[in-house]
Amino acid sequence: MLISLTDIRKTYDMGPVQVTALAGVTLGIEEGDYVAIMGPSGSGKSTLMNVIGCLDTPSAGSYKLKQREIAQMDDDALAEIRNGEIGFIFQTFNLLPRTDAVENVELPLVYSGISRAERRRRAEKALQIVGLGERMHHKPNEMSGGQRQRVAIARALVNEPSIVLADEPTGNLDSKTGEEIMNLIDDLHAKGNTIILVTHEEELAERASRVLRLRDGVVVSDERNAGSTFTPPGGAGKERSSSPEIQPGA
Ligand SMILES: Nc1ncnc2c1ncn2[C@@H]1O[C@H](COP(=O)(O)OP(=O)(O)O)[C@@H](O)[C@H]1O
Ligand SMILES: [Mg+2]
């Protein structure tokens, strides 16, 4: 099991009141799975993503990533796990504004001890994979929303993460551009990456292999989509790719 969450709870202290964002989440995610997380606003989707992505620690419970207990790690240890294992794609792209595409993509590698030349080589390769080989030196304000999200996807891939987390990745895009971005995410899955996608659109969730529904900080349903192509690691059946050059996560 790649991810193993057991009775994960998260409460926020808001002065005299406590807000419960996660009220006991237990779930496992296998390597290579494609999971959509749905649920109404405030149901805990982003909090769950932040815990899985090691951006935040739970108040209680156990989180094992590749059999390592993460729940009580300090910030430095979490940052190290994050850099090595997680790729993030956000609704708002979260690119550095005055930094060109290739430098944005290199960022996750800066603290990894990889040489400058190798960082550049990997970033250029990731940008080629997302179809931005001709836009290496454009800054975010010189690109369309779809191109910015492609840069963010290249940045998410550059450290060959075990998990790609996408929180409403098409929320700020028109439907045609959103479709292109979803096709790219589907391709990543087809190449063996583990994908966790937060969305409120049923149509997007249908593309995943499995749909988790949250309500009030708990999982209220967990179902495999009909026709899911997911097969456990080592199995066959991942044949939906149209971009054979995308490499699976480490
Ligand atoms: N940093 C925070 N401080 C206080 N309360 C928070 C914080 N983040 C989230 N919450 C609360 O936790 C609950 C779940 O939020 P969130 O995970 O953002 O839900 P979703 O992404 O499903 O909309 C909400 O009630 C929200 O107000
Ligand atoms: Mg949210």
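Just so you know, ligand 1 is whichever comes first in the structure, and atom 1 is the first atom listed for that ligand. On a predicted model such as this, the values are computed, not experimentally measured, just so you know.
Between the side chains of Asn159 and Ser112, no donor N or O sits under 3.5 Å from an acceptor N or O. A donor atom on one side chain and an acceptor atom on the other are found under 3.5 Å apart for Asp186 and Tyr34.
Considering only residues two or more places apart in sequence or on other chains, Tyr63 meets the ring-ring contact (aromatic ring centres under 6.0 Å, His included) condition with none of them.
Tally of protein N, O or S atoms closer to the Mg ion (ligand 2) than 2.8 Å: 1.
For atom 15 (O) of ligand 1, the closest non-hydrogen atom on the protein side is Thr47 OG1, 3.9 Å. The shortest contact between atom 5 (N) of ligand 1 and any protein heavy atom is with Tyr12 CD1, 3.4 Å. Of all protein heavy atoms, the one lying nearest to atom 18 (O) of ligand 1 is Ser46 CB, 3.8 Å. Of all protein heavy atoms, the one lying nearest to atom 12 (O) of ligand 1 is Ala21 CB, 3.3 Å.
Of the residues Val151, Val158, Asn94, Leu127, the one that meets the side-chain contact (heavy atoms from CB on, under 4.5 Å) test with Asn104 is Val151. Applying side chain to side chain donor-acceptor pair (under 3.5 Å) to Lys10 and the options Thr47, Asp56, Thr57 leaves one that passes, Asp56.
The existence of a salt bridge linking Arg121 and Glu118 is confirmed by a sub-4.0 Å separation between a basic side-chain nitrogen and an acidic carboxylate oxygen.
Put simply, the side chain of Ile185 reaches to within 4.5 Å of the side chain of Pro169, judged on heavy atoms.
At least one protein heavy atom sits closer than 4.0 Å to atom 2 (C) of ligand 1. For atom 27 (O) of ligand 1, the protein comes within 4.0 Å by no heavy atom at all.
For Asp75, the CG atom is loosely surrounded, since the number of other residues' heavy atoms within 6.0 Å does not exceed 12. Heavy atoms from other residues, nucleotides or ligands lying under 6.0 Å from CD of Glu134 number 12 at most.
Between Gly44 and ligand 1, an N or O atom pair is found at a separation short of 3.5 Å.
Using a 4.0 Å cut-off between heavy atoms, Val19 contacts ligand 1 through its side chain alone, with no backbone atom that close.
Val218 and Leu5 fall into different hydrophobic clusters, where Ile, Leu, Val, Met, Phe, Trp and Tyr residues are linked whenever their side-chain heavy atoms come under 4.5 Å apart, directly or through other members.
Relative to atom 23 (O) of ligand 1, the option among Gly42, Pro40, Gly39 with the closest non-hydrogen atom is Gly42.
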